[in-house]
Amino acid sequence: MTFDITNDIFTDKEAARLHLEGTRWPEGAVCPHCGSFNVKELTGKSHRAGLRQCNEKECRKQFTVTVGTVFERSKVPLNKWLLATHLMTSSKKGMSAHQIHRMLGVTYKTAWFMCHRIREAMVNDNPPPLGGKDKVIEADETYIGNKISKKKVRKLPRVVSYSDDGKISSKPNPAVYTNKYTVVSLVERGGDVRSFHIDRASTSEIREILVRNADRKSKLMTDESKFYVKAGEEYASHESVNHNRKEYVRGDVYTNTLEGYYSIFKRGMIGTYQHCSEAHLQRYVSEFDFRYNGRKLNDNDRRDAALRGIEGKRLTYRRVAKAA
């Protein structure tokens with residue numbers, strides 16, 4: 001992680017504002033209300049720094065660089081927003097809200113909400129299809145969640161079953177004690193990864209994810225799971241390795257690229273974040289996707305890429321906390 005604490009954008013509100021304006025508006029300020037470039041900056045003691053007004057007759061609204069972004073209506077200084085963004089985008093396995101709260105000197109509640117807003121900025125709303133002719137797509141699913149101790153399992157409701165020979169048996173209801181969440185990921189070899197939290201892995205659900213996100217001219221590589229058999233028929237080719245038989249590589253047939261991504265994802269979710277409610281899992285997944293897809297960028301460029309994603313997105317604390 002490259003971190004220059006002496007950089008003015010992390011310590012000075014004015015420097016942070018100028019940096020954010022240059023990142024969001026590289027060709028000049030744009031009115032977030034009507035999209036016009038015909039704007040003027042309001043100067044003088046009666047106006048706060050960075051305040052602008054649209055000159056269009058139909059608009060004439062005032063705005064700053066944070067209007068229409070995830071930073072809008074925040075009382076946290078912009079330099080702290082930029083520092084939090086830098087920490088989250090440059091830490092390979094993520095940065096917990098408790099660590100952000102300690103380093104920035106804000107409350108834990110504020111840090112938690114800041115992290116969710118930054119994750120929202122990392123989401124790519126309109127990504128191009130993965131793969132293409134002669135390109136390889138790896139697809140797999142993983143399961144994330146906390147294990148329940150045997151002691152707690154014994155206290156859960158049980159399901160009674162009767163065998164054909166009249167024997168009675170009971171075991172914990174799997175609908176109650178199963179607390180693993182499903183994540184399906186696609187990765188283009190040498191390219192980007194795209195992950196999705198779904199309620200339950202099924203042939204139809206996974207086929208929908210594949211055809212919407214991966215070019216059908218691609219070569220598809222999976223493990224032995226039957227979820228991909230039907231969807232694989234729609235691609236240029238479909239080959240698989242059998243992990244159950246300890247087969248992990250057969251020529252250029254493997255899913256090791258995705259397994260490497262999952263190792264980073266799980267170390268971050270288990271070691272850094274430790275707990276994540278299902279309601280917020282997709283944002284965490286998008287965070288790890290963002291860092292992986294920007295792995296060839298330096299930390300400063302990756303931070304600025306996240307800052308360019310703040311526009312047109314808005315989260316309120318009530319909306320986020322209610323989903324928790």
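Counting from 1, the numbers follow the sequence of the chain as shown. Reckoned from all heavy atoms, side chains included, excluding hydrogens, waters and symmetry mates.
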Inset, instruction - Evaluate the side-chain proximity of Glu138 to Thr222: yes if any heavy-atom separation is below 4.5 Å, no if none is. - result: no

Legend entry - Tyr181 ring center within less than 6.0 Å of Tyr143 ring center: no

Legend entry - Minimum side-chain heavy-atom gap Leu307-Arg24 below 4.5 Å: no

Inset, instruction - Kindly compute the distance separating CE (Met103) from CG (Leu83), expressed to the nearest 0.5 Å. - result: 6.5 Å

Legend entry - Any side-chain heavy-atom pair of Ile100 and Leu87 under 4.5 Å: yes

Inset, instruction - Give a yes or no answer on whether the side chain of Glu239 reaches the backbone of Met221 with a donor-acceptor pair at less than 3.5 Å. - result: no

Legend entry - Note: Glu21-Arg17 ion pair, threshold 4.0 Å (strictly below): yes

Inset, instruction - Of all the heavy-atom pairs spanning Pro127 and Asp125, show the shortest one and how long it is. - result: CD-C, 3.5 Å

Inset, instruction - Without swapping roles, check the side chain of Glu72 against the backbone of Gly68 for a donor-acceptor pair under 3.5 Å. - result: yes

Inset, instruction - Decide yes or no on side-chain hydrogen bond (donor to acceptor under 3.5 Å, both in side chains) for Thr110 and Thr107, but give the supporting numbers first. - result: CA-CA 5 Å; Thr110 297; Thr107 65; 2.9 Å; yes

Inset, instruction - Would you check if the side chain of Ser91 reaches a backbone N or O of Met88 as a donor-acceptor pair within less than 3.5 Å? - result: no

Legend entry - Presence of salt bridge, Arg212 and Glu208, under 4.0 angstrom: yes

Legend entry - Results of side chain to side chain donor-acceptor pair (under 3.5 Å) for Thr142 - residues two or more places apart only: Lys266

Inset, instruction - Search all heavy atoms of Glu287 against all heavy atoms of Arg119 and return the closest pair with its distance. - result: OE1-NE, 2.7 Å

Inset, instruction - Could you grab the distance from atom OG of Ser240 to atom CD of Glu247, nearest 0.5 Å is fine? - result: 7.5 Å

Legend entry - Heavy-atom side-chain proximity of Glu205 to Val184 below 4.5 angstrom: no

Legend entry - Evaluation steps, ring pair (Phe, Tyr, Trp, His ring centres under 6.0 Å), between Tyr228 and His238: CA-CA 9 Å; Tyr228 305 95; His238 173 213; 7.1 Å; no

Inset, instruction - Say whether Leu51 and Val67 are linked into one hydrophobic cluster, either directly or through other cluster members, by side-chain heavy-atom distances under 4.5 angstrom. - result: no

Legend entry - Check against side-chain hydrogen bond (donor to acceptor under 3.5 Å, both in side chains), Tyr262 and Ser185: CA-CA 9 Å; Tyr262 280 151; Ser185 299; 3.1 Å; yes

Inset, instruction - Return each pair, listed once, that meets ring-ring contact (aromatic ring centres under 6.0 Å, His included) where at least one residue sits in residues 29-59; pairs must be two or more places apart or across chains. - result: none

Legend entry - Residue pair Tyr254, Tyr248: steps toward the ring pair (Phe, Tyr, Trp, His ring centres under 6.0 Å) verdict: CA-CA 6 Å; Tyr254 56 84; Tyr248 298 100; over 10 Å; no

Inset, instruction - Only counting residues at least two apart or in another chain, list the ones meeting side chain to side chain donor-acceptor pair (under 3.5 Å) with Thr85. - result: none

Inset, instruction - Can you see which heavy atom on Glu278 is nearest to which on Asp199, and at what distance? - result: OE2-OD1, 4.1 Å

Legend entry - Test item: Ser36 side-chain N/O and Asn38 main-chain N/O as donor-acceptor pair under 3.5 Å: yes

Legend entry - Partner of Trp81 by ring pair (Phe, Tyr, Trp, His ring centres under 6.0 Å), out of Phe71, Phe10, Phe113: Phe71

Inset, instruction - Using the side chain to side chain contact (heavy atoms under 4.5 Å, CB included) rule, pick out the option among Thr255, Asn293, Leu258, Val136 that qualifies with Val187. - result: Leu258

Inset, instruction - For Thr203 and Lys230, work out which heavy atoms get closest and say how close. - result: CG2-CB, 4.2 Å

Inset, instruction - Answer yes or no on whether Arg267 is positioned over the face of Phe265, meaning its NZ or CZ is under 6.0 Å from the six-membered ring centre and within 45° of the axis. - result: no

Inset, instruction - Please report the closest heavy-atom contact between Phe290 and Met122, naming both atoms and the distance. - result: CD1-O, 3.6 Å

Inset, instruction - Nearest 0.5 Å please: distance from the NZ atom of Lys219 over to the OG atom of Ser237. - result: 6.0 Å

Legend entry - Rounded distance (nearest 0.5 Å) linking atom SG of Cys34 with atom NZ of Lys61: 8.5 Å

Inset, instruction - Determine whether Arg52 and Val65 make a side-chain contact, defined as any pair of heavy atoms from C-beta on separated by less than 4.5 Å. - result: no

Legend entry - Donor-acceptor contact present, side-chain Asp12 to main-chain Asp8, <3.5 Å: no

Inset, instruction - Apply side-chain hydrogen bond (donor to acceptor under 3.5 Å, both in side chains) to Tyr261 and Asp289, showing your working. - result: CA-CA 9 Å; Tyr261 168 76; Asp289 283 359; 2.4 Å; yes

Legend entry - Nearest-0.5 Å distance that lies between atom NE2 in His243 and atom OG in Ser225: 11.0 Å

Inset, instruction - Give a yes or no on whether the backbone of Lys40 and the side-chain of Gln53 come within a donor-acceptor separation of less than 3.5 Å. - result: no

Legend entry - Side-chain donor/acceptor of His101 to backbone N/O of Val106, under 3.5 Å: yes

Legend entry - side chain to side chain contact (heavy atoms under 4.5 Å, CB included), paired with Ile264, selected from Arg291, Lys92, Arg295, Met269: Lys92

Inset, instruction - Search all heavy atoms of Ala16 against all heavy atoms of Leu78 and return the closest pair with its distance. - result: CB-C, 3.8 Å

Legend entry - Non-hydrogen side-chain atoms of Leu82 and His19 separated by less than 4.5 Å: yes

Legend entry - Main-chain N/O of Asn300 paired to His86 side chain as donor or acceptor, under 3.5 Å: no

Inset, instruction - Using modelled atom types only, decide if a donor and an acceptor are shared between the side chain of Ser74 and the backbone of Val76 within a distance under 3.5 Å. - result: yes

Legend entry - Any side-chain heavy-atom pair of Val249 and Asn256 under 4.5 Å: yes

Legend entry - Near-ring test His280/Trp112, centroid separation under 6.0 angstrom: yes

Inset, instruction - Check the surroundings of atom NZ in Lys13: do more than 12 heavy atoms from other residues, nucleotides or ligands lie under 6.0 Å from it? - result: no

Inset, instruction - Drop me the distance from Phe227's CZ to Asp140's CG, to the nearest 0.5 angstrom. - result: 11.0 Å

